[in-house]
Structure formats: structure tokens, C-alpha cells
Trainee: 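I have a structure I would like to understand better, so I am pasting it below and will then ask my questions one at a time.
We use all heavy atoms of the structure for the numbers below, so side chains are in, but hydrogens, waters and symmetry mates are not.
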Amino acid sequence: MFVLELTYTAPLDAVDALLSAHVAWLDEQYARGVFLASGRKNPRDGGVIIAVAEDRARIEEIAAGDPFVAAGVCAYHVTEFAATKTAPALEPYREPSA
């Protein structure tokens with residue numbers, strides 16, 4: 001499991017100009033089963049995505065496809081973690097504890 005933290009690197013008007021393309025990209029990742037949750041940070045200086053993928057390389061490839069990245073309006077920080085405890089709805093993503 002991965003936490004993707006987006007930090008805006010451009011003014012909000014530049015981010016907002018790409019918002020519909022970014023949301024379409026998010027929807028695509030949800031449809032593929034990659035993204036589990038996402039939303040804006042407060043204060044609004046970026047966002048957070050909870051994702052699953054076979055490995056970090058794949059998640060970084062997916063993040064690179066974000067229209068925000070292509071336009072240079074955000075940077076990603078990716079944290080991989082082992083989800084050894086989850087809510088029941090996330091049980092399929094749970095990993096055995098070591």
C-alpha cells in the first residue's frame with residue numbers, strides 16, 4: 001500500500017486550470033482499482049492519495065501520468081507501507097504482520 005502526497009509547486013489558478021483533467025485521471029485509477037481514497041490537504045497546498053499496486057515502480061509510473069505532473073504544477077512524495085491492520089472494507093489489502 002502507498003501514500004502519495006502531492007504538493008503544489010504552482011499557484012492555485014494554474015492547478016485549478018488542470019483540475020478537470022486531474023479528476024478524470026483520478027477516476028481512471030479508481031476504475032482500475034489502484035486508488036482507494038483521495039482528497040485535498042487542508043490548507044489547500046496539495047493532496048493525498050491512498051493507493052495499491054504491485055510495487056513502487058508501478059505507483060511512480062502511475063503518478064507520472066497525472067496531468068498535474070505533466071504540467072509541472074505538483075510534486076509527489078511516495079511512502080510505501082505494510083497495511084497490517086485495516087478496516088474490514090480494506091481487508092483484501094491487509095498484509096500479514098511480521
Trainee: For Ile49, is there any backbone N or O sitting under 3.5 Å from a side-chain donor or acceptor partner on Ser38?
Mentor: no
Trainee: Tell me the closest heavy-atom pair linking Phe2 and Ala53, and the distance in Å.
Mentor: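 Heavy-atom minimum between the residues: CE1-O, 3.8 Å.
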Trainee: Quick one, Leu36 and Tyr30 - any side-chain contact, counting heavy atoms below 4.5 Å?
Mentor: no
Trainee: What do you reckon, are the aromatic ring centroids of Phe35 and Trp25 less than 6.0 Å apart?
Mentor: yes
Trainee: Quick check: does any side chain N or O of Thr84 sit under 3.5 Å from a backbone N or O of Arg94, one acting as donor and the other as acceptor?
Mentor: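 Absent.
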Trainee: Kindly indicate whether the side chain of Tyr8, heavy atoms from C-beta on, has any atom under 4.5 Å from the side chain of Val73.
Mentor: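 No; the side chains remain at least 4.5 Å from each other.
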Trainee: Would you indicate whether the side-chain heavy atoms of Ile59 and Leu4 approach each other to under 4.5 Å?
Mentor: yes
Trainee: Do Ile50 and Met1 have side chains that get closer than 4.5 Å, going by heavy atoms?
Mentor: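 In short, these two side chains touch, coming nearer than 4.5 Å.
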Trainee: I'd like to know whether Thr7 forms a side-chain hydrogen bond (donor to acceptor under 3.5 Å, both in side chains) with Tyr76, so could you lay out the CA-CA distance, the side-chain angles of the two residues, the decisive distance to 0.1 Å, and finally the verdict.
Mentor: CA-CA 7 Å; Thr7 301; Tyr76 272 85; over 6 Å; no
Trainee: If you define the side chain from C-beta out and look only at heavy atoms, does anything of Leu6 sit under 4.5 Å from Val48?
Mentor: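 The answer is no; the side chains never approach within 4.5 Å.
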Trainee: Is there a continuous path of hydrophobic side-chain contacts, each under 4.5 Å between heavy atoms, that joins Leu26 to Val69?
Mentor: yes
Trainee: Let me see the working for Val52 and Val34 under side chain to side chain contact (heavy atoms under 4.5 Å, CB included), right down to the final yes or no.
Mentor: CA-CA 5 Å; Val52 293; Val34 176; 5.5 Å; no
Trainee: Do any pairs count as a side chain to side chain donor-acceptor pair (under 3.5 Å) and have a residue in residues 11-23, sequence neighbours left out, and if so which ones?
Mentor: Asp16-Arg44, His22-Asp66
